[in-house]
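Here is the structure we will look at.
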Protein chains: 2
Amino acid sequence: MPTSIRERKRRRAREAIIKAAFDLFATHGFSAVTVTEIAERAEVGRTTFFRYFGDKREVVFADEQHMLDELLALEGVDPLPGMTLAQALSRARPAVRAVCAVGTRDAGRYVLYERLVADNPELHDRAERKLLALTDAMARVLRAQGAADATAVLAAHIALACFRTGRLLAGPDPAALADAADAAFAEVEALAGAGAFSR
Amino acid sequence: MPTSIRERKRRRAREAIIKAAFDLFATHGFSAVTVTEIAERAEVGRTTFFRYFGDKREVVFADEQHMLDELLALEGVDPLPGMTLAQALSRARPAVRAVCAVGTRDAGRYVLYERLVADNPELHDRAERKLLALTDAMARVLRAQGAADATAVLAAHIALACFRTGRLLAGPDPAALADAADAAFAEVEALAGAGAFSR
DNA sequence: ATACCTTATGGTACTCAGTACCAGTAACTT
DNA sequence: AAGTTACTGGTACTGAGTACCATAAGGTAT
C-alpha cells in the first residue's frame, strides 16, 4: 500500500503546520509570530514543529521541493546529446514556465510568500539559496538531456537572469511573472540577434 | 581631518572583533563559538559586538564590502553607450578577476572563509546572497558604463556562471579560483563560437 | 487478540542569539 | 569649561533551537 496511516498523518501534520504558519504570518507578519503560536494553532507540540521544519524560516519555503520536482521530472526527457547553447535555452524557457506554474496552484499563498520575503530581510538569504537550488536543478536537467557541462550551467544561469528580470518587472502574481520571464527570454534572443547562440 | 579619533577607534574595534572571531572559528569551528567568547577575546562588550555586526554570521562576511567596492570603483570608467553583449562580457571578465584579487589580499583568511562556509550549512544562505549582491553590482557597473538593462543583467549572470564553475573546479585558493573563472570565460566564448555574442 | 518492536509525539529543561533599555564615559563643539 | 553628541558595556528579557525522556500509537509478528 502506498500511503500507510503514518504517512497520511505525517502529511496532515505537515500541512496543518504550513497552513497555521501562513495564516498567522498573513495577519501578524513573519517576525511577530512565534513557533509556539504556530504549533498551538496547528495542534502539535512545539518539539514536533522542529521535526518537520529545521527552523522557523523553513516553513515559508515549504513549496520549494514542488518546484524542484517539477524541474527534475524533465530529466531524461527527449535527450539530445551535444546540444548547442541555443537548443539548451529553448529547453530552459518552458522549464521556467513550469516552475512558475507551481506558484499558480495556490496563487494566494504564493503572493503572500512573495510579500513575506520582500518584507523580512531575515528571509532574503534563504530565498537566494532557493534560486541557487533551482538553477542547479535546471543545469542538472540540461546535462541529463545531453548538454555539455558548460552549456548546461551557462543556460541555467541565463534562465536565472530571465527569471530575475521577469520578477522585477512583473508584480508578485505568478502568471504575470511567467509571462515576464518569458518575455525576458525573447529579449535575450533578440539581444544577440537571431541564431547568435547557435554558432 | 579624514580620520578622527572616534573613526580610528571604531576601525580598531571592528578589526579586533573580526580577528578574534576568525581565530576562534579556525580552532573550534563556527557553531561551537559563542558571541560572548568573541566579544571577550576582542575585549569589547557583548552588546558592542551586535553594534558592529547584525548577527554572528555577518562577521564571516566582513570582506564582502571590499569586493563590492572593488566592483563599484569601475562605474563610469571608459563608458561605451549601447555596448553589445560581447563587449559587456569582455568587461566583466577582468572585473571578476578584480573581485577574486580581494581574496588574495589575505589568502589565509580567505581559505578559512571558504572552509567555514563549506562546513556550516547555516552560512550557505548568506553566502548565496553575497553572490547576488556581487552580481547586482556587476550589472550596475555595466549599466553605468553604457550597457542596456538586459545586456547588463545577462552579462552579470554569465559572469556569475563562470565564477561558480571556476570555484567548483579550482580549490579554495583565490589565485587558482581567479584563473579557473577566467578559463570558464574563455570556454563560454569558445562555446558559442568566435564572435557569436557580438551580433 | 497478544505480545513485541518501531516510530512519532510532546513535555521539560537548557543554551545561546538577538533586542531593549540605561547609566556612564569619552570624544567633538563653542 | 560647559554642553552636546556618540559610543560603550552592563542588566534583563524574549524566543529560537537542541537534548533528553517517558508515553502512545502504528506496524508486525505469532
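Computed from heavy atoms alone, side chains included, the values below leave out hydrogens, waters and symmetry copies. Letters go in sequence order (proteins before strands), and every chain restarts at 1.
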Contact check, residues 46-54 of chain A vs DNA chain C, heavy-atom distance under 4.0 Å, returns A:Thr47, A:Thr48, A:Arg51, A:Tyr52
Rounded off to whole Å, could you give me the CD-to-P distance for the B:Glu40 and D:dT8 pair?
17 Å
When the C1' atoms of the five terminal pairs at each end define the local axes, what inter-axis angle does the helix from C:dA1-D:dT30 to C:dT30-D:dA1 show, to 10 degrees?
30°
Euclidean distance, B:His157 NE2 relative to A:Leu154 CG, rounded to 0.5 Å
12.0 Å
Using only side-chain N and O atoms of B:Ser4, determine if any of them is under 4.0 Å from OP1 or OP2 of C:dC28.
yes
Any N or O donor-acceptor pair linking the side chain of A:Arg6 to the base of C:dA8 at under 3.5 Å?
no
Does the side chain of B:His66 come under 3.5 Å of the side chain of B:Arg105 through a donor N or O and an acceptor N or O?
no
Separation of D:dT8 P from B:Ile17 CD1 (nearest whole Å)
8 Å
A:Asp55 CG to C:dG18 P, straight-line distance once rounded to whole Å:
12 Å
Given DNA chain C, 5'-ward residue of the pair B:Thr36 and A:Ala13, judged by closest heavy atom
A:Ala13
Parallel, tilted or perpendicular for A:Phe61 and A:Tyr113, by the 30°/60° rule?
perpendicular
Below 4.0 Å: OP1/OP2 of C:dA26 and any side-chain N or O of B:Lys9:
no
B:Arg57 and A:Asp125 ion-paired at < 4.0 Å
no
A:Cys100 to A:Leu177 - nearest heavy-atom pair and separation
SG-CD2, 3.6 Å
At 4.0 Å (heavy atoms only), tell me whether B:Arg57 reaches a base, stays on the sugar-phosphate, or touches nothing.
sugar-phosphate
Quick one: pull up CG in A:Leu160 and OG1 in A:Thr165 and give me the separation to the nearest 0.5 Å.
9.5 Å
Distance under 6.0 Å and angle within 45° of ring axis: A:Lys56 vs A:Phe30
yes
Using a side-chain heavy atom cutoff under 4.5 Å and only I, L, V, M, F, W and Y, what cluster partners does A:Val141 have?
A:Leu72, A:Leu74
